[in-house]
**Q** 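Take this structure, written in structure tokens, and hold onto it; I'll ask about it next.
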Number of protein chains: 2
Amino acid sequence: MTGIDDVARAAGVSTATVSRALRGLTGVSAATRDRVLQTADSLGYEPSSSAAHLASGRTMAMGVLLPMIERWYFASALEGVDRALRAAGYDLIVFSLGGSGTNRQRVFHRSMLRKRIDALLVMCMQLTPDELADLQALEYPNVIVGGHVDGLRSVSVDDAAAATDAAEYLISLGHTRIAHLKGGGAYGIDFDVPRRREQAFRDTMARHGLPVRPEWQAMGGFRFAGGKIAAGQLLDAPGERPTAIFASADEMAFGALLAAHERGLRVPEDLSVVGIDDHEFAEPMGLTTIRQRPDEQGAYAAELLLGELQGKARLDVPRIQPHELVVRASTGPPPSS
Amino acid sequence: MTGIDDVARAAGVSTATVSRALRGLTGVSAATRDRVLQTADSLGYEPSSSAAHLASGRTMAMGVLLPMIERWYFASALEGVDRALRAAGYDLIVFSLGGSGTNRQRVFHRSMLRKRIDALLVMCMQLTPDELADLQALEYPNVIVGGHVDGLRSVSVDDAAAATDAAEYLISLGHTRIAHLKGGGAYGIDFDVPRRREQAFRDTMARHGLPVRPEWQAMGGFRFAGGKIAAGQLLDAPGERPTAIFASADEMAFGALLAAHERGLRVPEDLSVVGIDDHEFAEPMGLTTIRQRPDEQGAYAAELLLGELQGKARLDVPRIQPHELVVRASTGPPPSS
DNA sequence: CTGTTAGCGCGTTCAA
DNA sequence: TTGAACGCGCTAACAG
């Protein structure tokens with residue numbers, strides 16, 4: 001393996017000069033810099049990140065801790081984080097709980113991040129007090145993405161506003177009999193996003209003097225299959241049927257769409273459905289939804305940490321991430337019945 | 001930060017003994033080992049991976065290079081890789097091309113992996129000759145997952161057999177007018193999986209003396225939206241309609257299902273659809289498909305590399321990964337017309 | 001079974 | 001603008 005002294009020798013300078021030239025520091029004449037760059041390139045030299053870490057204290061890597069990867073939100077956010085990090089020359093180290101929730105003990109234990117990262121992004125996780133303490137003991141900059149933990153900064157949409165906008169839109173169309181497909185309880189990891197959305201839904205209904213019927217609140221577990229089953233039960237129940245379903249996430253909304261189809265209900269004539277996310281499938285499925293961009297949230301969070309590592313002032317209250325109503329074919333006025 | 005000498009001093013032994021005890025090497029008395037473990041724990045000591053790397057030559061990290069994260073196959077495979085690595089105490093470093101294909105130059109350039117990893121998994125990428133050379137110059141163990149590159153080992157299903165099984169199943173139901181939704185051309189990264197599946201489809205049709213009509217071959221780009229559009233065009237075309245669609249991936253099959261529904265075609269009475277993958281949505285959508293398990297493929301590939309790092313013999317021909325027909329509600333005999 | 005010592009490959013002083 | 005020398009924290013080889 002070719003090291004820094006090989007370059008130094010070949011370029012006829014000291015290792016210190018090579019180091020300076022390669023990192024673009026000042027105090028190197030243009031001539032020597034060019035020479036160093038050229039010989040480094042021709043020798044195929046690349047510095048060892050471990051040696052650099054040891055000498056400088058910086059790992060040039062960032063960690064992401066998440067409950068699981070294979071979920072639209074997480075995978076998209078990861079993509080955004082990766083994009084931001086790569087642009088800054090940082091590496092991305094991924095720690096997934098794999099949805100298990102069982103290897104949950106000592107998540108933030110020192111062993112999980114063996115002095116390998118400069119900062120940590122935590123995605124959508126509800127933390128126990130012990131875990132919170134562990135995280136803070138880790139002492140490097142951190143931020144929560146897509147979730148909320150007391151005492152830590154979050155980068156996310158305004159979940160309450162997003163849910164409110166969805167419910168308000170249904171109400172503006174004339175709906176009064178609105179059901180709610182709730183998320184949560186599915187990741188093996190609770191987090192409060194579903195609670196915030198549900199509360200906002202309830203508040204919005206109350207503000208309009210509309211009832212929130214217990215039998216129209218169902219748990220869809222944030223997934224297609226769960227949403228389909230829950231929506232099916234809603235629609236099959238005796239008595240009045242809702243004219244609209246607000247799903248706390250698109251995947252559950254897809255399930256609702258399918259459940260309606262299977263029962264011969266027309267969307268939106270008989271039933272309107274609105275979700276949150278703007279999942280890739282929402283457009284082809286014609287789902288009206290509240291768009292959010294997990295990738296941009298991830299990138300924003302990564303850049304925030306990157307900024308702090310470069311000495312920028314700490315941002316105690318990150319910018320709320322935007323959301324937006326996207327109207328498609330799954331919503332319309334309620335049936336006139 | 002507490003280092004190894006802090007532990008050594010506190011335990012009254014040398015740093016070498018601490019190192020040995022902590023790594024579970026032989027040649028340490030039970031008593032000393034316990035004492036060391038205990039003081040290390042109480043001091044909250046965790047070794048620096050960089051220092052360990054420098055001294056030992058091992059990074060205890062593995063890299064994964066993939067075209068993008070937010071895609072069912074990649075995210076699932078990543079999950080499996082992570083699971084295997086974490087069990088072995090290895091870290092996972094992710095390099096995503098972000099679907100761009102533009103920052104494609106010098107993918108394997110030394111700078112991409114600054115001596116940070118012990119082995120590399122490459123997912124589903126078609127490599128240029130230059131890239132292949134770069135990869136091999138990287139000199140650490142590698143393996144391709146879910147794709148094929150001449151000269152490199154692959155962990156994947158038998159794509160030809162999977163596509164054959166799907167087509168054979170349709171044929172066994174009595175279908176003769178079978179359309180094909182092809183993948184490919186979508187990732188910004190070509191790879192030969194779609195070609196293998198298409199070829200197997202053609203071969204199977206030929207073997208049964210069935211025609212492969214050019215107007216029934218459509219490009220769905222491996223995605224829901226693309227599959228929906230392509231299937232819609234197939235179904236809207238004047239002249240005879242296919243009685244079955246074989247989609248090279250579930251996401252396109254979902255699009256076909258939707259296109260059929262929108263045209264009032266009943267599935268499977270008027271049209272049968274079969275996919276490949278067993279995507280999470282396949283079960284609730286009632287899609288007949290060929291199941292594969294990307295997570296297990298990823299885990300298997302990771303374990304293969306792990307084994308080699310531990311000195312096991314190199315496996316030149318990894319085990320073909322299993323696939324399996326899963327019959328659901330989207331397939332049936334062709335209409336008797 | 002345990003301790004001593006010499007690097008691993010850089011970044012970073014400090015002096016020139 | 002450049003170079004020499006030290007040390008980051010650990011593992012490995014050797015000696016005891």
Side-chain angles (χ1 to χ4, degrees), chain A residues 1-37 39-40 43-61 89 91 110-111 113-118 309, chain B residues 1-37 39-40 43-61 89 91 110-111 113-118 309-311:
Chain A
M1 202 78 273
T2 129
I4 198 170
D5 353 60
D6 299 308
V7 180
R9 211 171 306 121
V13 295
S14 72
T15 60
T17 300
V18 174
S19 178
R20 283 189 282 251
L22 256 33
R23 287 181 300 143
L25 298 188
T26 59
V28 184
S29 74
T32 27
R33 159 160 297 135
D34 286 351
R35 188 153 34 90
V36 169
L37 259 42
T39 67
L43 260 49
Y45 167 72
E46 199 66 25
S48 152
S49 61
S50 293
H53 172 205
L54 230 45
S56 73
R58 272 168 266 112
T59 65
M60 297 298 280
D91 284 326
R110 311 167 281 269
S111 67
L113 335 133
R114 288 170 295 200
K115 305 174 178 168
R116 224 176 218 178
I117 60 180
D118 292 332
L309 292 176
Chain B
M1 202 77 275
T2 127
I4 198 172
D5 354 59
D6 298 308
V7 180
R9 209 171 307 124
V13 294
S14 73
T15 61
T17 299
V18 173
S19 179
R20 283 189 283 250
L22 256 33
R23 287 181 299 147
L25 299 187
T26 59
V28 184
S29 74
T32 353
R33 159 159 298 133
D34 287 351
R35 188 153 35 92
V36 169
L37 259 43
T39 66
L43 260 50
Y45 167 72
E46 198 65 24
S48 153
S49 61
S50 292
H53 171 206
L54 229 45
S56 72
R58 273 166 268 111
T59 64
M60 296 299 280
D91 283 327
R110 311 167 280 270
S111 66
L113 335 133
R114 287 170 297 200
K115 305 174 180 171
R116 235 190 205 163
I117 61 181
D118 293 331
L309 292 176
Q310 290 161 16

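Keep in mind it's a predicted model, so treat the numbers as computed, not measured. Just so it is clear: chains get the letters A, B, ... in the order the sequence lines come, proteins before strands, and each one is counted from 1.
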**Q** Can you tell me how far P of C:dG11 sits from CG of A:L22, to the nearest Å?
**A** 8 Å
**Q** Determine the contact category for A:S49: base if any of its heavy atoms lies under 4.0 Å from a base atom, sugar-phosphate if only primed atoms, P, OP1 or OP2 are that close, otherwise nothing.
**A** nothing
**Q** Chain A on DNA chain D: first and last contacting nucleotide, 5' to 3', under 4.0 Å to a heavy atom?
**A** D:dT1 to D:dG9
**Q** To the nearest Å, give me how far apart CG (B:D34) and C1' (C:dC1) are.
**A** 15 Å
**Q** Would you kindly give the CE-to-P distance between A:M60 and C:dG11, to the nearest whole Å?
**A** 11 Å
**Q** Starting from the first five and the last five pairs of the helix from C:dC1-D:dG16 to C:dA16-D:dT1, work out the angle between the resulting helix axes, to 10 degrees.
**A** 30°
**Q** With sequence neighbours excluded, what pairs up with A:S29 under the side-chain hydrogen bond (donor to acceptor under 3.5 Å, both in side chains) test?
**A** A:T32
**Q** A:A51: which residues meet the side chain to side chain contact (heavy atoms under 4.5 Å, CB included) condition with it, sequence neighbours left out?
**A** A:S48, B:L54
**Q** Identify the two heavy atoms, one from B:H53 and one from B:K115, that lie closest to each other, and give their separation to 0.1 Å.
**A** CE1-O, 3.1 Å
**Q** Nearest whole angstrom, please: distance from the P of C:dC8 to the NZ of B:K115.
**A** 13 Å
**Q** Taking only residues two or more places apart in sequence, or in another chain, which ones meet A:D5 in a salt bridge (charged side-chain N to carboxylate O under 4.0 Å, His left out)?
**A** none
**Q** Is A:T32 touching bases, backbone alone, or none of the nucleic acid, heavy atoms closer than 4.0 Å?
**A** sugar-phosphate
**Q** For B:R23, enumerate each residue passing the salt bridge (charged side-chain N to carboxylate O under 4.0 Å, His left out) test, keeping only those at least two apart in sequence or located in another chain.
**A** none
**Q** Which protein N or O atoms sit under 3.5 Å from an N or O of nucleotides 12-16 of chain C?
**A**
residue	atom	partner	partner atom	Å
C:dT12	OP1	A:R58	NH2	3.0
C:dT12	OP2	A:R23	NH1	2.9
C:dT12	OP2	A:R23	NH2	3.3

**Q** Within the structure shown, what part of the strands sits under 4.0 Å from B:G27 by heavy-atom distance: base, sugar-phosphate, or nothing?
**A** base
**Q** State whether B:S29 places a side-chain N or O below 4.0 Å from either non-bridging phosphate oxygen (OP1 or OP2) of C:dT2.
**A** yes
**Q** Tell me which of A:G3 and B:T26 sits closer to the 5' end of DNA chain C, going by the nucleotide each one is nearest to.
**A** B:T26
**Q** For the residue pair B:V18 and B:A8, what are the closest heavy atoms and their distance?
**A** CG2-CA, 3.6 Å
**Q** Quick check against the 3.5 Å criterion: does A:R33 have a side-chain atom that pairs as donor or acceptor with the backbone of A:L25?
**A** yes
**Q** Restricting to side-chain hydrogen bond (donor to acceptor under 3.5 Å, both in side chains), what partner residues turn up for B:S14, sequence neighbours left out?
**A** B:T17
**Q** Which residues pass the side chain to side chain contact (heavy atoms under 4.5 Å, CB included) test with A:D6, sequence neighbours left out?
**A** A:T2, A:R9, A:L43
**Q** How close do A:L22 and A:Y45 get, heavy atom to heavy atom, and via which atoms?
**A** CD2-CE2, 3.4 Å
**Q** Listed by chain and number, what are the side chain to side chain contact (heavy atoms under 4.5 Å, CB included) partners of A:A55, not counting sequence neighbours?
**A** none
**Q** I want to confirm an ordering. Mapping B:R33 and B:A51 to their closest nucleotides on DNA chain C, which one lands closer to the 5' end?
**A** B:R33
**Q** Calculate the interatomic distance between A:L54 atom CG and C:dC8 atom C1'; express it in whole Å.
**A** 9 Å
